[in-house]
Number of protein chains: 2
Amino acid sequence: MGDLDIADVARRSGVPASALRFYEEKGLIASIGRRGLKRLFDPSILERLTLIALGRAAGFSLREIAAMFAPDGRPRIDRRKLAAKAETLDRTIREMTALRDGLRHAAVCPARSHLECPSFRRLLRAAKAGVIRAPQISARKAKRRAARRSFKQPD
Amino acid sequence: MGDLDIADVARRSGVPASALRFYEEKGLIASIGRRGLKRLFDPSILERLTLIALGRAAGFSLREIAAMFAPDGRPRIDRRKLAAKAETLDRTIREMTALRDGLRHAAVCPARSHLECPSFRRLLRAAKAGVIRAPQISARKAKRRAARRSFKQPD
DNA sequence: CCTTGACCTCAAGTGAACTTGAAGTTGCAG
DNA sequence: CTGCAACTTCAAGTTCACTTGAGGTCAAGG
């Protein structure tokens, strides 16, 4: 009745059907049954997907996220892991902040070459100090992702 | 004389020799010549590698970084691109900060289930609002990377 | 009842950034 | 001078998170 087919879920969540099947295969989500061949999802899937998006944004891998849902289904998220991730996140934030400031300066810096700018060299020294990790998201993917990003899920 | 072979560069930069060859192939670095078969690098390669690490950390792809070095070799970095990247970075920082705070709360939240915690639900709503992008760095790679991370390059 | 389009499965492809392996060559310590 | 560790090339493999394609099934509208 209130159940959703995969297209509904895709539309309401912004997650492509192919990704939903993929998530199911990986155990991140489960359909509540089938109508013929077609998967049926409970509306609560939308909340679950939000949770998954959240985890991804926090830097968890799908594997890690899957582990956050107890085998019985509901989220039993390890609070220690959460705290640990918050810490990592915090480190990353500090790194990126330094980086952002460095970039901002470099963008307006009057020095001939960036290598001649003391501020830029400071940034380099910071990078050298090993302060830096790589985020890594491909340009094309990021673009497609951005184009798709509506994820409105009314509720 | 002061020239470095690939092992020296690897040791002093923390970048594996295989990655250095890869970078050369992609045009991110260049050897100054060969001794027999063996590549020789100018010590300035170390600064270049720091620059590359910096770019990676800022979220530039290798392709983008390569484009930042003029064909003649020295960095001619587009200041507008820099500013743009600083903006993206800033957005990401804000997202991650929200996320970090959410996670921190969730870690100490007394609610039975995270889904019952008002604060966590607020976080979910924020995520739903599309505030969220994914950083994406694999666990295994991150671990290997961390183990390797010394990058001391004594100047 | 029949068509059709939305769904299905399974396999293979993608792209980024490297790593690994096999097979060959060689600078240089002893 | 010789042996071998360390380099070389080139191809293929790896991980992650999906997407794409081929070929098949079937629920529902006309």
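In this text the structure is predicted, and so the values were computed from the model without any measurement. Note on naming: letters A, B, ... go to the chains in the order of the sequence lines (proteins, then strands), and numbering restarts at 1 for each one.
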Chemist: From the list dT8(D), dC8(C), dC18(C), which nucleotide is the closest neighbour of the side chain of R39(A)?
Modeler: dC8(C)
Chemist: Check whether any side-chain N or O of Y23(A) sits under 4.0 Å from OP1 or OP2 of dA17(D), and answer yes or no.
Modeler: no
Chemist: Output the rest of the hydrophobic cluster of L37(A): all Ile, Leu, Val, Met, Phe, Trp and Tyr residues reachable through side-chain heavy-atom contacts under 4.5 Å, sorted by chain and number.
Modeler: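 Under the 4.5 Å side-chain rule, L37(A) groups with nothing.
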Chemist: I need the CD-P distance between E25(B) and dT19(C), as an integer number of Å.
Modeler: 13 Å
Chemist: Please report the distance, rounded to the nearest Å, between CZ in R11(B) and C1' in dA5(D).
Modeler: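 It works out to 16 Å between those atoms.
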Chemist: Run the ring-ring contact (aromatic ring centres under 6.0 Å, His included) test against F120(A) and tell me which residues pass, sequence neighbours left out.
Modeler: H114(A)
Chemist: Just checking A7(B): base, sugar-phosphate only, or nothing, at a heavy-atom cut-off of under 4.0 Å?
Modeler: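 Sugar-phosphate, backbone atoms only, no base.
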Chemist: In the hydrophobic clustering (ILVMFWY, side-chain contacts below 4.5 Å, transitive), which residues join V108(B), or is it alone?
Modeler: none
Chemist: For D101(A), check side-chain hydrogen bond (donor to acceptor under 3.5 Å, both in side chains) against everything at least two apart and list the hits.
Modeler: none
Chemist: Expressed as a whole number of angstroms, how long is the span from D8(B):CG to dC28(C):P?
Modeler: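 Taking atom P of dC28(C) as the reference, CG of D8(B) is at 12 Å.
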Chemist: With S44(A), which residues qualify under side-chain hydrogen bond (donor to acceptor under 3.5 Å, both in side chains), at least two apart?
Modeler: D42(A)
Chemist: Mapping L20(B) and R63(B) to their closest nucleotides on DNA chain C, which lands nearer the 5' end?
Modeler: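 Closer to the 5' end of DNA chain C: R63(B).
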Chemist: Which whole-number value in Å describes the distance from K26(B) NZ to dA17(C) C1'?
Modeler: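 About 8 Å, once rounded to whole Å.
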Chemist: One character per nucleotide, please: for nucleotides 25-30 of chain D, 5' to 3', B when the base has a protein heavy atom closer than 4.0 Å, S when only the sugar-phosphate does, - otherwise.
Modeler: -SS---
Chemist: Looking at every non-hydrogen atom in both residues, tell me the closest pair between P43(A) and G2(A) and how far apart they are.
Modeler: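 Distance-wise, the nearest heavy atoms are CG-O, 3.4 Å.
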Chemist: Send over the distance from R21(A) CZ to dT20(D) P, rounded to a whole Å.
Modeler: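 About 12 Å, once rounded to whole Å.
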Chemist: Between dC18(C), dT20(D), dC7(D), which one does the side chain of D5(B) approach most closely?
Modeler: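 Minimum distance to the D5(B) side chain belongs to dC7(D).
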Chemist: Using a cut-off of less than 4.0 Å, is there contact between a side-chain N or O of R34(B) and OP1 or OP2 of dT9(D)?
Modeler: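 For R34(B), the contact criterion (side-chain N or O under 4.0 Å from OP1 or OP2 of dT9(D)) is met.
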Chemist: Using whole Å, report how far CD1 of I65(B) lies from C1' of dA16(C).
Modeler: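 These atoms are roughly 12 Å apart.
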Chemist: Among dC18(C), dT20(D), dA17(D), which nucleotide has an atom closest to any side-chain atom of S18(A)?
Modeler: dT20(D)
Chemist: Below 4.0 angstrom from OP1 or OP2 of dC18(C), is there any side-chain N or O of R56(B)?
Modeler: yes
Chemist: What is the distance from CD1 of I29(B) to C1' of dC18(C), rounded to the nearest Å?
Modeler: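 One finds 13 Å between C1' of dC18(C) and CD1 of I29(B), rounded.
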Chemist: How long is the line joining CZ of F22(A) and C1' of dA12(C), in whole Å?
Modeler: 14 Å
Chemist: Test I45(A) against every option in I29(A), V15(A), I6(A), T50(A) by the side chain to side chain contact (heavy atoms under 4.5 Å, CB included) rule and name the one that passes.
Modeler: I29(A)
